[in-house]
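Whatever order the structure lists ligands and atoms in, that order sets their numbers, starting from 1. All of these numbers come straight from a predicted model, not from anything done at the bench. Below, each value reflects all heavy atoms present in this structure, side chains not excepted, and no hydrogens, waters or symmetry copies.
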Amino acid sequence: LVTAGPTNEYIDPVRFITNKSSGKQGYELAKSLFKKGFDTTLISGPTNLEITKDINLIKVETADEMFEATKKSLPADVAIFSAAVADYKVKNIANDKIKKNDELTINLEKNIDILNYVSNHNSKRPKLVIGFAAETINLDKNSKDKLISKNCDWLITNNVSQKDIGFNSDFNEVFIHYKDKKFKKEKLLFKRKSEISEEIVDRIITQIN
Ligand code: PMT
């Protein structure tokens, strides 16, 4: 199971809050898993990407929809959460297009954390739960904190303050923290997202065998 892409959180019928995720990293992970023989489900927020029909693609738009699709897709042996899920949604979505005023106040409320839900869902918890972290500062500390607080087995971090990697690039540079190796850190140097994905999937195969 792989989540990918951004989510759209509606303000009114024609406007939404989103982020810069293109879905490329998640789609490459799904392709690499499928190539290595995994029965693969890709739950994707809105992207312009295409993928082979052999991969079970579930298209969603909001974090709530991604959450429902994820729950329906369990159990899974391995789950990778590469989606950039919006942390907040609009509290009261306007039924009609909001009229222009001098100021506009939008109240937000927290979205459910999909990764957190799955990693703590005892009966259906995948054997291997892999989170991603998009960070700009304190990468090491924030990654370890996220690995623990989200109960992941691995946490893959990218520095999204660098323009040539991370969001909406064909390239990435990530490091992996492993819980079972006492938070040992391994760095995958600047590479195409397809190559990073292949390397991650090779590590998954070693881990689960
Ligand atoms: O899509 P691309 O353009 O290829 O870019 C790839 C990427 C930069 C989006 C990807 O590599 C990445 O870092 N994805 C995670 C982005 C993110 O939202 O990170 P986060 O640190 O805010 O969230 C931590 C983890 O919790 C992530 O695994 C995220 O999927 C998950 N999460 C977060 C919030 C939420 N409500 N539910 C979640 O499941």
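- Protein heavy atom at the shortest distance from atom 33 (C) of ligand 1 is Lys150 NZ, 3.6 Å.
- Looking only at heavy atoms of the protein, atom 25 (C) of ligand 1 is closest to Phe132 O, 3.0 Å.
- Scanning all protein heavy atoms for the shortest distance to atom 29 (C) of ligand 1 gives Ala83 O, 3.3 Å.
- For Lys193, there are no salt bridge (charged side-chain N to carboxylate O under 4.0 Å, His left out) partners at least two apart in sequence or on another chain.
- Among all non-hydrogen protein atoms, the one lying nearest atom 5 (O) of ligand 1 is Gly166 O, 3.5 Å.
- The salt bridge (charged side-chain N to carboxylate O under 4.0 Å, His left out) test applied to Lys144 returns no partner, not counting sequence neighbours.
- Among all non-hydrogen protein atoms, the one lying nearest atom 28 (O) of ligand 1 is Phe81 O, 2.6 Å.
- One side chain, Tyr27 or Ser44, offers a donor N or O that lies under 3.5 Å from an acceptor on the other.
- Polar contact check, Thr3 against ligand 1: no nitrogen or oxygen pair lies under 3.5 Å apart.
- Considering both main-chain and side-chain atoms, Ser21 comes within under 3.5 Å of ligand 1 through a nitrogen or oxygen pair.
- Taking atom 13 (O) of ligand 1 as the reference point, the nearest protein heavy-atom neighbour is Asn158 ND2, 2.9 Å.
- Put simply, Leu155 and Phe81 are part of two different groups of oily side chains (I, L, V, M, F, W, Y) that touch within less than 4.5 Å, one to the next.
- Within the set Ile130, Ile80, Asp87, the minimum heavy-atom distance to atom 34 (C) of ligand 1 is found for Asp87.
- The protein heavy atom nearest to atom 36 (N) of ligand 1 is Ile112 O, 2.9 Å.
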